[in-house]
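Chain identifiers are assigned alphabetically (A, B, ...) following the order of the sequence lines, protein sequences preceding nucleic acid strands; residue numbering begins at 1 within each chain. Treat the numbers as computed from the prediction; the structure is a model and nothing was measured.
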2 protein chains.
Amino acid sequence: MLSNSLAYAIKALIYISHNSSETERITLKEVSDSTEVPKPYIAKILQDLVRNNVLHSIKGPNGGFYFSEEGLDISLLQVVHILEGPDKYNKCLLSLKDCNASSPCPLHDNIGQVRVELLKRLEQITFRQLMQHKKSVDLF
Amino acid sequence: MLSNSLAYAIKALIYISHNSSETERITLKEVSDSTEVPKPYIAKILQDLVRNNVLHSIKGPNGGFYFSEEGLDISLLQVVHILEGPDKYNKCLLSLKDCNASSPCPLHDNIGQVRVELLKRLEQITFRQLMQHKKSVDLF
DNA sequence: ATATTTAAAGACCTTTTTATCTTTTTTTAT
DNA sequence: ATAAAAAAAGATAAAAAGGTCTTTAAATAT
């Protein structure tokens with residue numbers, strides 16, 4: 001239901017949210033080791049998130065990735081938009097061009113409700129919330 | 001949210017459900033023309049559905065695809081299982097092995113509910129229902 | 001200044017999904 | 001029997017997703 005890359009990103013971000021601050025950065029190696037996502041692959045994903053200001057990073061000794069205070073309030077939906085584009089959960093389930101509330105496709109009212117609910121929840125969930133989840137501490 | 005192939009399959013099946021019977025078969029060409037799915041691609045999908053008894057087909061002149069009476073009661077979930085395998089909407093959103101109600105991952109209770117609702121609806125919807133949808137007549 | 005540590009960038013490879021083309025098999029009408 | 005109509009099967013190609021490797025750039029400690 002969620003892509004591989006998105007699930008990896010969420011795991012990595014939860015890990016970083018727990019362990020980082022502006023002064024305590026997490027290295028790529030640590031993220032890769034703890035989340036068990038291949039290093040070059042998670043690197044690509046994190047680079048993308050840094051470019052889009054979800055995370056910050058600093059190079060060199062004692063460098064690494066960290067969440068700023070504001071970053072923690074980024075929603076899952078924003079991460080989806082960055083990694084998969086804005087259309088991922090936002091188009092007609094049958095890819096019809098003229099599907100809408102007044103002229104709905106046969107799935108629009110039924111499965112479409114689920115899609116809308118998914119969007120709503122993705123928008124509500126932030127990393128500040130996720131990091132408070134009890135399991136997220138020993139996820140890794 | 002749904003794969004390309006699955007959306008194609010659903011469109012084709014809705015079309016066939018409207019226009020076929022054991023004596024009136026729909027040719028591949030007609031399906032391809034009406035749904036605007038490339039012929040060889042929709043052929044592959046329909047073959048798969050025939051092998052799995054969702055549809056029936058007959059070769060030769062006046063041949064084609066048709067839904068049997070029982071076929072119309074096949075659920076969308078069964079089609080998902082055939083085309084995408086049983087795990088598609090059935091595993092932990094973060095792909096954790098030990099994610100369950102008593103030890104849920106951080107998405108389990110929230111996004112997981114949406115997943116369960118999706119499964120429930122996919123299971124309830126049959127082609128007999130979909131063919132009664134008003135738009136499904138002039139979908140194509 | 002230099003060496004070391006670390007992320008960034010870019011080239012490359014593999015697998016899966018999407019799509020096309022060609023040949024074969026089956027059925028029917030003549 | 002033969003020709004035509006149609007699906008089945010299989011081989012191939014293109015694009016996207018997933019994954020790896022190497023080089024470059026930046027920061028820090030010495």
For the atom pair [atom1] ([X]) and [atom2] ([Y]), what is the distance rounded to the nearest 0.5 Å?
X	Y	atom1	atom2	value
A:Y8	A:E36	OH	CD	10.0 Å
B:R128	B:E70	CZ	CD	9.0 Å
B:I26	B:S32	CD1	OG	13.5 Å
B:T27	B:K39	OG1	NZ	8.0 Å
B:I14	B:F67	CD1	CZ	9.0 Å

Can you tell me the distance, in whole Å, between the [atom1] atom of [X] and the [atom2] atom of [N]?
X	N	atom1	atom2	result
B:H56	D:dA8	NE2	P	12 Å
B:L2	C:dT17	CG	C1'	15 Å
B:K59	C:dA29	NZ	C1'	18 Å
B:L46	C:dA19	CG	P	14 Å
B:R25	D:dA8	CZ	C1'	17 Å
A:E30	C:dA7	CD	P	10 Å
A:Y66	D:dA27	OH	P	11 Å
A:Q47	C:dA9	CD	C1'	7 Å

Practice task
Indicate, with a heavy-atom threshold strictly under 4.0 Å, whether A:I58 touches base, sugar-phosphate, or nothing.
Solution key: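 A:I58: backbone/sugar contact only, no base atoms under 4.0 Å.
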
Exercise for the section: For A:I26, report the nucleic acid contact type (base, sugar-phosphate, nothing); a contact means any heavy atom under 4.0 Å. Expected result: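 Sugar-phosphate contact only - A:I26 comes under 4.0 Å of backbone atoms but never of a base.
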
Does a nitrogen or oxygen in the side chain of [X] sit under 4.0 Å from OP1 or OP2 of [N]?
X	N	result
A:N62	C:dT5	no
B:T27	D:dA5	no
B:R51	D:dA9	yes

Handout entry: Nucleotide of D:dA8, C:dA8, C:dT27 approaching A:S57 most closely (side-chain heavy atoms)
Key = C:dA8

Exercise for the section: Find out whether A:N110 and B:Q124 are in side-chain contact, i.e. whether some heavy atom of one side chain is under 4.5 Å from a heavy atom of the other. Expected result: no

Fill in the blank from the handout: side chain to side chain donor-acceptor pair (under 3.5 Å) test vs B:E117 passes for just one of B:Q113, B:R121, B:R115, namely B:R121

Produce the list of close N/O pairs, under 3.5 Å, pairing protein atoms with atoms of nucleotides 17-21 of chain D; give distances to one decimal.
| from | atom 1 | to | atom 2 | distance (Å) |
| --- | --- | --- | --- | --- |
| D:dG18 | OP2 | A:S5 | OG | 3.2 |
| D:dG19 | OP2 | A:Y8 | OH | 3.4 |
| D:dT20 | O4 | A:K44 | NZ | 3.1 |

Practice task
Sort out the partner of D:dT24 for me: Watson-Crick or G-U wobble, both distances under 3.5 Å, none otherwise.
Solution key: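 Checking every strand shown, D:dT24 finds its partner in C:dA7, with both distances under 3.5 Å.
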
